[in-house]
Structures are given as C-alpha cells and as structure tokens.
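First the structure, in the form of structure tokens, and then the observations on it.
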Amino acid sequence: MSYLRLGFAAAILIVILGLATTAFWYRGNAISARADAAQARADLQTAVAVNNANEEAMGRLKAAREKADQLAADLAEQIKTSNQALVDAAAERRKLENDNDDIRKFLALRIPDALRLRNDPQAAGHR
C-alpha cells in the first residue's frame, strides 16, 4: 500500500508542479505583455510628437510656398510694368525721332569711346 500512496503522492506532486509551471509561464507572459504595452505607449508618444513636428514643418513650408508664390507674382507684375515702361519709352523715342529733325540728328551721332567703354561689359571685367 505504501507504493500506492507513494504513486498517489507523486501524481499529486506532478499535478502541482504542472500547475505551478503553467502559472509561472502565464505570469512571465503577463510581465512581457505589460512591458510590450509600455513600449507601445512610448512608441505612440514618440510617433505623435514626430507627427506634430511634421505638421508644424508642413505649415511653415506651406506659408513659405505661399510667400514665394506672392513674391513671384509681385516680381512678374514689376517685370510687366518695367517692360511696358520700356516699350512706351521706345515708342516715345521713335515718335520724337520721326517728328523732329534735330532729335533724329542727335540720335544718329557717334557715341564717344570714353562713354562706350563704360557701357562695354568686357571692358568692365564682365564676361
């Protein structure tokens, strides 16, 4: 009978050890899951911070693009105005040249070399 008790005690011991092993297994998994959840929360906070920084950068880039577009539009308007003024001045010069003999003779005069050098880009060191 003692073998029967010993076998029964061994069976109970095996069941208890199995339960304890299973409990420790699940406890380890729970600890790992808590650590993973904490890491996921930290990763989420990092991602949110990066997303907010990216949103701010995109806002600044959008404002810079709008400013650049406005500057380009202003520059185009200035160029248009300047071109129109040049066309108007050339038309006025042609009209004066055609209408007045004195102006036509003056405009036909040769430009002196001293002045010609000042307007010559190669003489001024430009290439």
Side-chain angles (χ1 to χ4, degrees):
M1 251 325 195
S2 68
Y3 287 117
L4 188 61
R5 281 187 186 175
L6 189 59
F8 186 67
I12 290 177
L13 182 63
I14 291 172
V15 169
I16 290 173
L17 288 177
L19 289 174
T21 302
T22 303
F24 285 124
W25 174 274
Y26 283 121
R27 182 175 180 265
N29 285 345
I31 291 171
S32 176
R34 275 192 230 117
D36 290 345
Q39 183 63 42
R41 281 191 292 276
D43 291 345
L44 176 63
Q45 289 174 350
T46 301
V48 167
V50 168
N51 190 33
N52 289 340
N54 287 342
E55 289 289 331
E56 289 175 11
M58 286 172 38
R60 286 191 305 272
L61 288 173
K62 182 179 178 184
R65 186 186 67 220
E66 289 172 357
K67 179 71 173 175
D69 289 346
Q70 182 61 43
L71 289 173
D74 292 346
L75 183 60
E77 185 62 33
Q78 290 174 359
I79 289 171
K80 180 181 172 186
T81 303
S82 176
N83 285 342
Q84 188 59 45
L86 181 63
V87 166
D88 292 345
E92 184 179 346
R93 185 187 61 82
R94 271 191 310 266
K95 183 179 181 289
L96 287 173
E97 184 180 4
N98 292 335
D99 292 347
N100 192 325
D101 287 334
D102 292 335
I103 293 175
R104 186 179 16 244
K105 288 177 187 176
F106 175 76
L107 291 175
L109 291 176
R110 182 176 175 277
I111 297 175
D113 288 338
L115 291 177
R116 190 179 300 271
L117 289 177
R118 289 184 187 175
N119 292 329
D120 186 8
Q122 291 182 352
H126 298 101
R127 299 201 186 255

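On a predicted model such as this, the values are computed, not experimentally measured, just so you know. Side chains are part of it too, since the values below use all heavy atoms of this structure and drop only hydrogens, waters and symmetry mates. Residues: numbered from 1 along the sequence shown.
Each salt bridge (Lys or Arg N to Asp or Glu O under 4.0 Å) pair with one or both residues in residues 70-88, not counting sequence neighbours, would appear here, but there are none. Screening residues 49-72 for salt bridge (Lys or Arg N to Asp or Glu O under 4.0 Å), with sequence neighbours left out, gives no hits.
Applying the under-4.5 Å side-chain rule to Ile, Leu, Val, Met, Phe, Trp and Tyr, the cluster around Val48 extends to Leu44. Clustering of Ile, Leu, Val, Met, Phe, Trp and Tyr by side-chain heavy atoms under 4.5 Å joins Leu71 with none of the others. Taking Ile, Leu, Val, Met, Phe, Trp and Tyr as hydrophobic and joining them when side-chain heavy atoms fall under 4.5 Å apart, one finds Leu96 in a cluster with Ile103, Phe106, Leu107, Leu109.
Among residues two or more places apart in sequence or in another chain, the side-chain hydrogen bond (donor to acceptor under 3.5 Å, both in side chains) test is passed with Asp43 by Gln39. Not counting sequence neighbours, the partners of Ile79 by the side-chain contact (heavy atoms from CB on, under 4.5 Å) test are Leu75, Asn83. The salt bridge (charged side-chain N to carboxylate O under 4.0 Å, His left out) check on Arg93 picks up Glu97, with sequence neighbours excluded. Every residue meeting the salt bridge (charged side-chain N to carboxylate O under 4.0 Å, His left out) condition with Asp99, not counting sequence neighbours, appears here in chain and number order: Lys95. Remark: Val15 pairs with Leu19 by the side-chain contact (heavy atoms from CB on, under 4.5 Å) rule, at least two apart or across chains. Residues satisfying the salt bridge (charged side-chain N to carboxylate O under 4.0 Å, His left out) test with Asp101, not counting sequence neighbours, are Arg104. With sequence neighbours left out, the side-chain hydrogen bond (donor to acceptor under 3.5 Å, both in side chains) criterion links Arg27 to no other residue.
Although no hydrogens or angles enter the test, the distance criterion places a donor-acceptor pair under 3.5 Å between the side chain of Asn98 and the main chain of Arg94. With Thr46 contributing its side chain and Ala42 its backbone, the two residues share a donor-acceptor pair below 3.5 Å.
Both Ile16 and Phe8 are part of a single hydrophobic cluster, where members link through side-chain heavy atoms under 4.5 Å apart.
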